[in-house]
Amino acid sequence: MPKLTIDGIEVEVDAGLTVLQACEHAGIEIPRFCYHERLSIAGNCRMCLVEMERAPKPVASCAMPVAEGMVIKTNTPEVQKMRKGVMEFLLINHPLDCPICDQGGECDLQDQAMGYGFDRSRYVENKRAVKDKDFGPLIKPIMTRCIHCTRCIRFATEIAGVPELGATGRGENMEVGTYVEKALSSELSGNMIDLCPVGALTSGPYAFTARSWELKKTESVDVMDALGCNIRVDSRGPEVMRILPRLNEEVNEEWISDKSRFACDGLKRQRLDKPYVRRNGKLQEATWDEAFAEISEKLKDLPGDRIAAIAGDQACAESMIALKDLMSVLGSPNTDCRQDGAALDAGCRAGYLFNTTIAGIEDADACLLIGTNPRLEAPVLNARLRKRWLMGNFPVGLIGPATDLTYGYQHLGDGGEALTAVANGNHAFKEVLNKAERPMLIVGSGAIARPDGAMVLATARAIAESSGMIDEGWNGFNVLHTAAARVAGLDMGFVPGGSGRNVAGILDGASAGDIDVVYLLGADEIDTSRLGNAFVIYQGHHGDAGAHRADVVLPGAAYTEKNGTYINTEGRLQRSQRAVFPPGDAREDWSIVRALSGVLGVPLPYDDLVALRAHLKDVNASFVAIDEIAAAEWGAFGAMGPVSAASFASSVLDFYMTDPISRSSVTMAKCSDTFNGRAQGKTGTDG
């Protein structure tokens with residue numbers, strides 16, 4: 001480990017670090033614009049200049065590797081003069097529009113100009129201007145403000161894997177943009193807004209709506225997919241204004257998907273804010289008492305086997321356990337949280353988790369994707385796969401339709417034949433997995449939601465066991481969920497009990513008249529036309545498919561409006577915090593179920609969130625430790641049998657329209673219109 005002297009202090013750091021990183025370790029802040037710890041080094045803003053002993057000129061600390069015996073000075077009058085000179089150059093062409101810039105108040109250029117800026121300029125030439133560009137419905141570019149740090153270019157190329165941005169021209173004629181004008185098509189493009197150190201890239205939907213100092217900031221968890229990305233919800237009064245990522249190295253690093261970031265405008269549209277009861281064929285406003293009375297009348301003296309409940313993809317653990325307990329006291333075994341029909345066995349936790357963990361992807365050395373398109377199902381996880389692929393020695397095989405995953409892969413086939421061939425050792429990629437020290441596979445939700453889903457799951461388990469994926473300290477078997485509620489629902493046993501019906505059985509029973517009452521807890525992804533003449537209770541936050549079919553509508557709270565517990569696809573317990581209150585008469589979901597149980601004469605044994613969460617811990621130990629992952633015990637799951645030769649399909653067809661919130665979002669509707677015509681047929685190359 002080299003030793004160097006920084007401002008008279010001797011520091012010992014790891015080899016391979018840069019001078020800038022060594023200064024950060026020593027607690028010395030170095031100004032910078034182009035440098036970012038997750039991007040390659042560009043060294044083109046020159047703001048990080050420092051003095052180095054025996055060097056003929058100042059050095060860019062972000063690009064200079066540390067060496068034994070270095071003597072660095074970061075705060076001499078000469079260094080201050082250099083930085084002020086660089087700042088003066090940067091401001092030559094920068095427009096004086098801070099009062100109307102959305103980056104105002106959280107702008108790196110503003111902050112550093114306070115320390116190194118001058119109160120006048122020596123330059124009287126005309127400022128350069130750049131013609132406005134169109135980057136699509138999400139990013140609003142004002143490239144006259146651009147200081148050519150190239151962070152956006154490096155992010156698009158390196159992290160997102162969609163190299164659509166670049167620089168053209170030289171000197172003051174240099175412009176950053178798409179070579180041919182087009183919308184940025186990455187599902188992670190919104191992260192460029194956070195990376196931009198000035199106001200050149202701003203949020204289109206958020207433009208001119210609020211200032212950063214007006215907003216209340218609430219740390220929470222995203223539920224738009226099953227990854228559980230850590231987010232910050234910025235609100236003003238009763239309205240969510242924007243959603244930003246929070247740093248969590250184990251889950252999302254510092255990225256979130258565009259849907260997680262921009263779908264928040266759907267939280268204020270098509271909301272359910274009052275109970276409704278269907279009278280004379282039409283849903284009409286009602287009071288809570290009237291809605292509960294209607295439900296009580298329908299459930300009176302009804303046998304439990306004629307009642308069913310389905311939990312949706314964004315339900316919190318508190319609401320699911322309350323509904324499960326209510327169904328239990330009513331004598332109903334017909335409960336299911338797998339509204340897509342996934343053949344997951346709640347008895348073996350390792351059979352439905354992402355056992356490798358998200359961060360563990362970086363330790364793997366081979367990967368098999370089965371019936372999944374992680375770019376659409378979990379874009380942030382896909383970026384982690386790309387990150388590992390860029391490190392090298394990471395062969396990836398795909399069984400499913402060929403598509404552009406942003407990294408190279410070997411296409412093994414479209415459907416069950418290729419999966420069976422790999423399982424039987426009749427495919428060359430099986431040898432790749434056998435030779436790898438830490439191989440992994442990822443089974444997509446679409447692959448196990450087919451009629452032969454149990455067989456697909458068992459075949460994938462056989463591949464894992466025969467390829468050395470299950471070993472001491474390593475489990476390479478992974479299921480990639482798309483539903484934020486799925487793992488918590490399976491952990492608590494929100495599945496059919498005894499002779500109970502699953503989702504398909506509930507729909508069949510409702511169609512045949514064997515099920516009289518169906519309780520939908522935010523379940524909108526089922527075929528509501530198959531509910532027949534059943535009495536449908538819908539509890540949710542948007543007027544989506546379930547509410548249109550319902551006989552009674554109970555208005556619940558969205559994820560930003562309640563304190564909720566979620567377990568992500570890798571089994572990590574996380575909690576969302578309430579940022580705003582639910583609109584109108586809407587209430588937190590668990591409290592609605594608790595109040596209904598009292599009206600039905602079977603009150604549940606908890607009256608507050610503390611008691612309910614204590615009950616959750618009693619139900620399953622996975623609800624005890626927050627932000628921790630415990631290795632799941634390996635066991636048997638799935639059902640051995642032939643796998644259909646039919647082609648696998650991703651469970652996400654339109655990335656921007658997957659849930660009631662995104663379907664209510666104007667921004668997501670614009671994205672869907674813009675990108676749905678995009679060619680998806682590009683294939684990877686052998687990596």
Side-chain angles (χ1 to χ4, degrees), residues 226 302-315 317 319-321 323-328 330-349 351-353 371 443-458 460-461 479 481-532 534-539 545-546 549 619-620 636-641 643-644 651:
L302 194 65
D305 61 357
R306 302 187 71 84
I307 307 170
I310 302 173
D313 291 347
Q314 294 183 339
S319 60
M320 286 192 289
I321 194 65
L323 182 56
K324 179 177 182 292
D325 290 345
L326 178 60
M327 290 296 112
S328 295
L330 293 176
S332 172
N334 307 315
T335 58
D336 205 348
C337 64
R338 306 161 298 183
Q339 62 173 339
D340 59 356
L344 295 165
D345 183 359
C348 180
R349 195 166 193 251
Y352 59 80
L353 287 186
V443 183
S445 297
I448 52 180
R450 312 191 322 169
D452 62 344
M455 279 72 88
V456 172
L457 205 60
R461 174 172 61 85
V479 174
H481 297 289
T482 55
R486 187 62 50 83
V487 174
L490 293 169
D491 280 350
M492 71 177 62
F494 200 102
V495 292
S499 59
R501 298 171 181 262
N502 60 12
V503 166
I506 292 170
L507 296 178
D508 290 341
S511 299
D514 297 329
I515 296 290
D516 294 326
V517 175
V518 179
Y519 200 122
L520 301 179
L521 180 62
D524 294 282
E525 315 307 323
I526 61 171
D527 184 0
T528 55
S529 66
R530 295 182 57 203
L531 290 170
F535 182 82
V536 178
I537 305 161
Y538 178 80
Q539 179 179 327
R549 172 56 186 84
V619 169
N620 194 312
F637 52 86
M640 295 306 297
V643 177
S644 167
S651 58

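Predicted model only: the values in this text are computed from it and were never measured.
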What pairs with [X] under salt bridge (charged side-chain N to carboxylate O under 4.0 Å, His left out), at least two apart in sequence or on another chain?
{"X": "Asp491", "answer": "Arg349"}
{"X": "Arg486", "answer": "Asp313, Asp340"}
{"X": "Asp514", "answer": "Arg501"}
{"X": "Asp508", "answer": "Arg530"}

Subject >> Val643 vs Met455, side chain to side chain contact (heavy atoms under 4.5 Å, CB included): CA-CA, chis, key distance, verdict >> reply: CA-CA 6 Å; Val643 177; Met455 279 72 88; 4.1 Å; yes
Subject >> Residues that Phe535 engages under ring-ring contact (aromatic ring centres under 6.0 Å, His included), provided they are two or more places apart >> reply: none
Qualifying residues under side-chain contact (heavy atoms from CB on, under 4.5 Å), relative to [X], sequence neighbours excluded:
{"X": "Thr482", "value": "Glu377, Ser445, Ser651, Val652"}
{"X": "Asp305", "value": "Pro303"}
{"X": "Ala488", "value": "Ala317, Met320, Ile567, Phe623"}
{"X": "Pro333", "value": "none"}

Does [Y] offer a backbone N or O that forms a donor-acceptor pair with the side chain of [X] under 3.5 Å?
{"X": "Asn334", "Y": "Ile307", "result": "yes"}
{"X": "Asp345", "Y": "Phe637", "result": "no"}
{"X": "Thr335", "Y": "Val495", "result": "yes"}
{"X": "Asp524", "Y": "Gly546", "result": "yes"}
{"X": "Arg338", "Y": "Leu344", "result": "yes"}

Inter-residue atom distance [X].[atom1] - [Y].[atom2], 0.5 Å rounding:
{"X": "Ile321", "Y": "Leu326", "atom1": "CD1", "atom2": "CG", "result": "11.5 Å"}
{"X": "Leu353", "Y": "Cys348", "atom1": "CG", "atom2": "SG", "result": "9.0 Å"}
{"X": "Ile506", "Y": "Gln339", "atom1": "CD1", "atom2": "CD", "result": "11.0 Å"}
{"X": "Leu323", "Y": "Leu520", "atom1": "CG", "atom2": "CG", "result": "10.0 Å"}
{"X": "Phe494", "Y": "Ile310", "atom1": "CZ", "atom2": "CD1", "result": "9.0 Å"}

Can you give me the closest heavy-atom contact between [X] and [Y], atom names plus distance?
{"X": "Ala343", "Y": "Gly453", "result": "CB-C, 3.7 Å"}
{"X": "Ala226", "Y": "Ala483", "result": "CB-O, 3.5 Å"}
{"X": "Ala485", "Y": "Gly312", "result": "CB-O, 3.4 Å"}

**OP:** Identify, with sequence neighbours excluded, every residue that meets side-chain hydrogen bond (donor to acceptor under 3.5 Å, both in side chains) alongside Ser499.
**Re:** none
Original post:
Listed by chain and number, what are the side-chain hydrogen bond (donor to acceptor under 3.5 Å, both in side chains) partners of Asp516, not counting sequence neighbours?
Top reply: Arg306
Original post:
Within a strict 4.5 Å, meaning less than it, do heavy atoms of the Ile537 and Val518 side chains meet?
Top reply: no
